[in-house]
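Read the structure below first, then the notes.
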Amino acid sequence: MNPVAHEAAPAPLGIYVHFPWCLSKCPYCDFVVHVAPRQSIDHAGYATAVLSELAGRIGDVSSSVLVSIFFGGGTPSLWAPQELGRVLAGITGAFQADPSKIEVTVECDPSSLDEDLARALVDEGVSRLSMGVQSFDDERLRFLGRIHSGADAVEAVRGAVRAGVPRISTDLIYALAGEAPETPAEEAKRLVELGATHVSAYSLTIEPSTPFGRLARRGRLPLCEDGAMAASFFAVDEALTAVGLEHYEVSNYAAPGQRSRHNLGYWRGHDYLGLGCGAYGTITSSDGVGHRYRNTPSPREYVQRAATGKLGLAGTEERLDGPTRLRERIMLGLRMKEGFDLEAAAREIGTEPYPEGRRAALERLAARGRIVRHDSHVCVPRDAWIWVDDTAAALF
């Protein structure tokens with residue numbers, strides 16, 4: 001008797017929708033952001049353009065299982081809720097998906113979120129808000145170029161709780177010059193006390209192309225010392241784990257059942273469809289080859305070209321070979337608490353897990369305590385997470 005053939009399970013898919021407008025641009029931000037007042041944005045026209053792009057790209061992912069939708073930016077909480085909801089309905093309808101089983105996240109700025117808006121987003125099908133709180137201290141917020149105050153941040157989180165938002169995530173920036181490690185630790189605990197069930201804590205990163213990057217090159221930006229940054233990292237870790245959150249990724253903490261499904265897709269190397277001005281997407285074709293694209297970063301050009309289909313939207317496209325995809329899997333997989341299986345990832349991608357030098361690098365890193373190995377499974381121990389980027393680079 002011939003064995004019964006089993007088809008491969010449909011691949012999981014995340015969708016990222018970029019909303020490129022903010023009321024102001026922070027000096028550390030290197031995302032595609034255009035400053036504009038809410039009333040000058042063509043909310044409906046942009047939603048129509050995103051849906052047009054979806055129609056052009058859906059054939060590439062029609063057999064995938066939709067797991068999550070993430071509205072990022074920019075400041076998606078500036079988008080008229082009914083137009084964001086129209087895009088959300090178009091996406092779930094295209095996949096014939098049950099919206100109640102999909103994680104739907106909207107990034108929000110405390111300056112543009114109140115209880116009424118939070119409730120309107122929930123009514124449109126949003127199940128998770130991600131708020132850029134960053135700090136409760138007004139002086140640090142001004143240094144970071146944020147336009148909200150500490151009081152605004154408190155009220156935004158409380159308003160989301162009152163509105164019945166099922167899941168609330170908050171961002172925190174630490175490692176500012178002169179900041180004591182206890183400060184972000186106390187702020188992290190306060191976020192949980194206010195109602196956050198997920199906290200993303202990031203050290204201030206200076207990107208070369210930003211205003212902060214230009215100031216740093218001229219020696220005019222006060223920077224945090226590495227030792228103080230490490231102390232803050234572990235202080236935040238201790239504070240959040242003490243109140244019951246799991247430190248499940250280098251920069252992310254979650255209450256039980258509150259891990260970000262969308263971000264887990266990135267870290268596990270799943271495909272994601274990018275929609276909107278400046279959005280990136282990575283899709284695996286039927287022959288197993290990965291393709292990455294980035295849409296044009298101009299909102300006007302994006303809207304004008306949307307009607308031409310997907311080929312007219314991508315500003316850049318690249319083919320990702322097996323070794324490149326595995327290096328990305330290493331870089332992202334090592335950020336997770338549980339790590340990843342190197343050989344299983346290589347088999348999935350269709351590439352060699354141990355090119356010249358990688359076995360030796362694994363042995364050196366294990367001897368130094370930077371990684372822990374169980375056969376082909378690799379993870380980074382908690383005490384070595386602060387070096388995770390260097391550890392991953394050593395395996396490239």
Side-chain angles (χ1 to χ4, degrees), residues 16 18-38 40-41 70-79 106-113 129-157 169-181 183-184 187-188 191 199-233 236 250-252 276-280 294 296-299 386 389:
Y16 175 82
H18 191 71
F19 185 82
W21 291 283
C22 282
L23 297 180
S24 69
K25 186 167 184 177
C26 301
Y28 57 85
C29 175
D30 70 339
F31 296 131
V32 174
V33 169
H34 299 270
V35 176
R38 188 196 298 257
S40 72
I41 299 168
F70 193 102
F71 292 87
T75 309
S77 50
L78 292 175
W79 207 349
V106 173
E107 283 188 333
C108 300
D109 187 277
S111 66
S112 59
L113 183 75
L129 296 185
S130 177
M131 297 189 209
V133 170
Q134 316 310 0
S135 175
F136 290 112
D137 182 87
D138 287 348
E139 183 178 348
R140 290 200 302 280
L141 288 169
R142 283 192 293 271
F143 171 76
L144 292 170
R146 307 296 295 184
I147 60 174
H148 70 274
S149 67
D152 292 336
V154 170
E155 184 53 34
V157 179
S169 178
T170 53
D171 288 358
L172 178 70
I173 292 180
Y174 65 90
L176 277 64
E179 180 183 74
T183 298
E187 290 187 327
L191 288 170
V199 176
S200 298
Y202 304 104
S203 62
L204 178 62
T205 301
I206 309 302
E207 301 292 348
S209 62
T210 64
F212 270 6
R214 291 188 286 275
L215 286 172
R217 285 195 296 275
R218 298 198 297 268
R220 296 177 56 190
L221 184 72
L223 299 173
C224 179
E225 296 180 354
D226 289 346
M229 182 191 68
S232 294
F233 174 89
V236 171
V250 172
S251 301
N252 286 272
C277 162
Y280 284 89
R294 184 199 186 195
T296 174
S298 165
I386 55 174
D389 291 338

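All residue numbers refer to positions in the sequence shown, counting from 1.
For the pair Ala279 and Tyr16, the tightest heavy-atom approach, listed with the atom from each and the gap, is CB-CD2, 4.3 Å. When every heavy atom of Ile147 is checked against every heavy atom of Ser24, the shortest pair comes out as CG2-OG, 3.1 Å. Across every non-hydrogen atom of Pro110 and Gly132, the tightest pair is CD-O, 3.5 Å. Closest approach of Ala231 to Pro181, counting heavy atoms only: CB-CG, 3.7 Å. Between Cys277 and Pro297, the closest heavy-atom pair is SG-O, 3.1 Å. Shortest non-hydrogen contact noted between Val236 and Ala201 is CG1-CB, 4.0 Å.
Between the Arg146 side chain and the Arg140 main chain, no donor and acceptor come within less than 3.5 Å of each other. The backbone N or O of Leu78 lies less than 3.5 Å from a partner atom in the side chain of Arg38, making a donor-acceptor pair. Formation of a donor-acceptor pair under 3.5 Å by the His148 side chain with backbone atoms of Ala156 is not found in this model. Side-chain atoms of His18 never come within 3.5 Å of backbone atoms of Tyr280 as a donor-acceptor pair (strictly under, hydrogens ignored). Formation of a donor-acceptor pair under 3.5 Å by the Arg214 side chain with backbone atoms of Ser209 is found in this model. Panel note: side chain Glu187, backbone Phe136; a donor-acceptor pair is recorded below 3.5 Å. Listed for the Lys25 side chain is a donor-acceptor partner under 3.5 Å among the backbone atoms of Phe31. A donor-acceptor pair under 3.5 Å is absent between the side-chain atoms of Asp138 and the main chain of Ser149, judged by distance alone.
Looking only at atom types and distance, the side chain of Ser135 has no donor-acceptor partner in the side chain of Asp137 under 3.5 Å away.
The only option from Leu191, Asp171, Leu172 that meets the side chain to side chain contact (heavy atoms under 4.5 Å, CB included) definition with Val133 turns out to be Leu191.
To the nearest 0.5 Å, atom OG1 of residue Thr205 and atom CE of residue Met229 are 8.5 Å apart. Of the inter-residue distances, the one linking Thr75 atom OG1 with Trp21 atom CH2 reads 11.5 Å to the nearest 0.5 angstrom. Taking OG from Ser169 and CD from Glu107, the interatomic distance works out to 9.0 Å, rounded to the nearest 0.5 Å. Here CG of Asp109 is found 8.5 Å from CD of Gln134. Values are rounded to the nearest 0.5 Å. Here CG of Asn252 is found 4.5 Å from OH of Tyr202. Values are rounded to the nearest 0.5 Å. We find the CG-OG distance between Leu176 and Ser203 to be 10.0 Å, quoted to the nearest 0.5 Å.
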List the steps and the verdict of side-chain contact (heavy atoms from CB on, under 4.5 Å) for Tyr174 and Phe233.
CA-CA 8 Å; Tyr174 65 90; Phe233 174 89; 3.3 Å; yes
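The shortest side-chain heavy-atom distance between Pro184 and Glu179 falls under the 4.5 Å cut-off. Counting only heavy atoms from C-beta outward, the side chains of Leu144 and Leu204 approach each other to under 4.5 Å.
Counting heavy-atom neighbours within 6.0 Å of Arg220 CZ, excluding the residue itself, gives a total of 12 or less.
Side-chain rings of Tyr28 and Phe143 stay apart, their centers remaining 6.0 Å or farther from each other.
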